[in-house]
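Within every chain, numbering begins at 1; the chains are lettered A, B, ... in the order of the sequence lines, protein sequences first and strands thereafter. If you're wondering where the values come from, they're calculated on a predicted model, not measured in any experiment.
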There are 4 protein chains.
Amino acid sequence: MEVIAPTHSREALRTPAVRESAAARSRAATRGRLLSAGRNLFAQRGLHRVTTHDIARMAGVASGTFYLHFTDKRELFREIAHQSVAALQARIASANAGASDRAGAVRARTEALVAFVDENRELARILFSADTDAAAVESDVLNALAASIADTRRQQAAEGSVWTALDPAVLSQALVGMLARVLAWWVEDPTRASRETVVDTLTRIQLSGTHPV
Amino acid sequence: MEVIAPTHSREALRTPAVRESAAARSRAATRGRLLSAGRNLFAQRGLHRVTTHDIARMAGVASGTFYLHFTDKRELFREIAHQSVAALQARIASANAGASDRAGAVRARTEALVAFVDENRELARILFSADTDAAAVESDVLNALAASIADTRRQQAAEGSVWTALDPAVLSQALVGMLARVLAWWVEDPTRASRETVVDTLTRIQLSGTHPV
Amino acid sequence: MEVIAPTHSREALRTPAVRESAAARSRAATRGRLLSAGRNLFAQRGLHRVTTHDIARMAGVASGTFYLHFTDKRELFREIAHQSVAALQARIASANAGASDRAGAVRARTEALVAFVDENRELARILFSADTDAAAVESDVLNALAASIADTRRQQAAEGSVWTALDPAVLSQALVGMLARVLAWWVEDPTRASRETVVDTLTRIQLSGTHPV
Amino acid sequence: MEVIAPTHSREALRTPAVRESAAARSRAATRGRLLSAGRNLFAQRGLHRVTTHDIARMAGVASGTFYLHFTDKRELFREIAHQSVAALQARIASANAGASDRAGAVRARTEALVAFVDENRELARILFSADTDAAAVESDVLNALAASIADTRRQQAAEGSVWTALDPAVLSQALVGMLARVLAWWVEDPTRASRETVVDTLTRIQLSGTHPV
DNA sequence: GATGAATGAGTATTCATTCAT
DNA sequence: AATGAATGAATACTCATTCAT
């Protein structure tokens, strides 16, 4: 019993809750460093030209530590992609909410998208650079976007607010492909076009391509 | 005299020209089998999930034989991509030549593109599936297409035949991204939309997005 | 009180310092086994008839482990050669220091050289067996020896203590070639001559060839 | 019968003997080209950094042809080495025959050796560059030379014409090692020393090292 | 929770050699 | 005698993943 005492007294200084949150904080910090390293490296080199050792090294942890936080490389990638998508969607939704008419909403959403890409080039490279392997993971991202566009479109068609000659599924894939390629192309070298030009061109294409003639 | 004939024919089998062409024919056949196996496998799994051993095995040759025909995997891929692009371009150019006006030309080119994809699904998967590694090789393909669209567009703008508010570089990337994504999406499962729907939707988008309002 | 002691000692096993040194010790042991296996195999078969798998197998480790310790086969070889040279040079320098006159020094150095070879036959085979590939790595060894002989010789010539008709560069190559070949020949089968005979003959040749007539 | 006639008449133009010698001449020419290519390539890169394809290519023949003339790479190497040695020995023997006294003979042999090396740098690189693999083949060369020196030496000792304190076997290895290294060193860059310096230094060393004091 | 040494299957590539033509 | 396409074993090197400490 006495033997345990000193141990107890040391533990008494930190309540279990505090101890747990300290451990949790440390764990979260390590996890965060791995995510950050992954973002950097995946953006630069793509999914399969990055090794788990590279990520652990850049995160400043031992290579085995990687597997205490992620089951494998793809999971880390998925996590990064999901975080990115969530951030992007929040940004777009908020921009959308402030718009009064349809044209304004399209422009606002496009502006939000381009601004996000401009401010998060690393993430953008991951989200929009097309990588077959990555796609196995992130295709959900663009597919989800396409699905949401298609839904909106179908609803608008039902309301008679858009020209129905355009197939919603095809159109949504077209829009997603267009946005992804332009953004991937622009983020690779932002001097290729001014941000205003990108926003304006993408907005006009969306409006002309989706509005009745 | 007649007797000499068979002798001649026997010798004919040994003339360098015939011998060479027999060997050359065998060589070409093997090369063709490797190209075919490569097309299959790359279409299914992408550039880096296919090994040179896989390709050799599917071609029914020893693994070393691969290297008698291609310096490495990328070269095989490049060859396949170039062949595909040449075939596709020929098809589009020929369709284009038969059109009388601009709208007809856009539709004809789109029809040719979709027909090619429909008839060469394997090739289409390679050409339009976005693979970062493959991109290092085939990006030329889409980039070349984009560049040619941008050039045409600039010329039309100079002639006043199209609305100039759309930046040619951005627009061309947008069109290429749109076409590539829609075709990749469609070829992955052609029941997703009828061929007519795909042609029609893509044609209308191109016309509305590139014509003056 | 006593109870705490073992606890302490258990904790001691987990302190970073101890953990690190345990890992480091294990790492060093593996590295040592690889070096030892390399010495054995290189001595028997030469640089390029030994594979990294052979070395790993003889060291009792997996083949990938080799690359955790050496970047490639040549690096392992270089390491072995450098260690051997350092040991040999130390031996010769120490023998040299104890000699009173020039003849004594030549004999002492030769004795040290022959003794080293006798005691380290594996290393000797590597150092003195002439291998073109190995030479790219170890030639420094014999060349360094030759250069040092040439320097000494030039200095002695300047002091008038040796006959100057012998070109220092040619002479030093001659001596190095002589020593290397005799030692390689002898170590291959030490019954070919007694150690005393080798020492004596080499000493006399050096003295007669370098002294004034 | 008639069938055979034309064949006969054609054959009649060349007697079997002539035909055979024509074929033999052609065969010998191919063999000679392979030997020549081998000499070039082995001298530049050593035994195992040269492929049989390299040799066939440089000889201007198909790769399979190599095996019609040599059972494998080592046999070609052996053949080249033997030819070289024979040429060298003839040269030395002839030089030796013209000498009147022992000192003159040593100088004459050394001059012949150095002249041969100077005139046949390719061969010299093969003969004197120490290559473990090559050694498995050519060691006979230097060993034969060493054996002949040792024999001569033993005979001279028996006649009392040389100092017997030097062990013949050790001495012969020493001389061979010395000559091989100096010549390999010199042929690698003949500006390192003048031919006269090389001859003179090697001659003096041999005389001082082998003569009574 | 973290470490980092070790694993070993996987992959590209080479090259001596064979053999049908 | 010559050809040259094909073979396939050999080999260096990588990297996701495990596990004892």
CZ of B:R25 versus P of F:dA5: gap in Å, rounded?
13 Å
Can you identify which nucleotide, out of E:dT13, F:dA5, F:dA16, has its nearest atom closest to the A:T52 side chain?
F:dA16
Check the orientation of B:H48 and A:H48. Use parallel for under 30°, tilted for 30 to 60°, and perpendicular for over 60°.
parallel
Whole Å only: how far is the NE2 atom of A:H69 from the P atom of F:dT17?
16 Å
Phosphate OP1/OP2 of F:dC13: any C:Y67 side-chain N/O under 4.0 Å:
yes
Nearest 0.5 Å, what's the CG-CZ distance between C:L76 and C:R31?
8.5 Å
Ignoring hydrogens and angles, tell me if any N or O in the side chain of D:R39 forms a donor-acceptor pair with the backbone of D:I126 under 3.5 Å.
no
Mapping C:L68 and A:V61 onto DNA chain E by nearest heavy atom, which one lands closer to the 5' end?
A:V61
Test item: B:S36 side-chain N/O and B:G32 main-chain N/O as donor-acceptor pair under 3.5 Å:
no
Rounded to the nearest 0.5 Å, what's the gap from CG on D:L47 to CG on D:L41? Could you check?
11.5 Å
Quick check against the 3.5 Å criterion: does A:S26 have a side-chain atom that pairs as donor or acceptor with the backbone of A:A22?
no
Which pairs count as ring pair (Phe, Tyr, Trp, His ring centres under 6.0 Å) when at least one residue sits in residues 50-69 of chain D, sequence neighbours excluded?
D:F66-D:F70
Spacing of C:L34 atom CG relative to E:dA5 atom C1', expressed in whole Å
12 Å
What stems, by residue range, does DNA chain F take part in, given at least 3 consecutive Watson-Crick or G-U pairs under 3.5 Å?
E:2-21 with F:2-21
For C:A29 and for A:R27, locate the closest nucleotide of DNA chain E by heavy-atom distance; then report the residue assigned to the nucleotide nearer the 5' terminus.
A:R27
Could you give the CZ-to-P distance, from D:R49 to F:dT11, as a whole number of Å?
17 Å
Measure the distance from CG on C:L76 to C1' on F:dC13 and round it to the nearest whole Å.
15 Å
Which atom pairs link the protein and nucleotides 8-10 of chain E when you take only N or O atoms and keep those under 3.5 Å?
| from | atom 1 | to | atom 2 | distance (Å) |
| --- | --- | --- | --- | --- |
| E:dG8 | N7 | C:G64 | N | 3.4 |

Roughly, in whole Å, what's the span from CZ in C:R57 to P in E:dA6?
19 Å
Using atom types as modelled and distance alone, determine if a side-chain donor or acceptor of A:D54 lies under 3.5 Å from a backbone N or O of A:T51.
yes
All heavy atoms of A:I80 vs all of A:G38, minimum pair found to be CD1-C, 3.7 Å
If you check the C:T30 side chain, which of E:dA6, F:dA5, F:dA16 turns out closest?
E:dA6
To the nearest Å, how far apart are A:F70 CZ and E:dA2 P?
11 Å
Measure NE2/D:H48 against P/E:dC15 and give the value in whole Å, please.
9 Å
Just to be sure I understand the rule, does B:S26 reach a base, reach only the sugar-phosphate, or reach nothing, if contact means heavy atoms closer than 4.0 Å?
sugar-phosphate
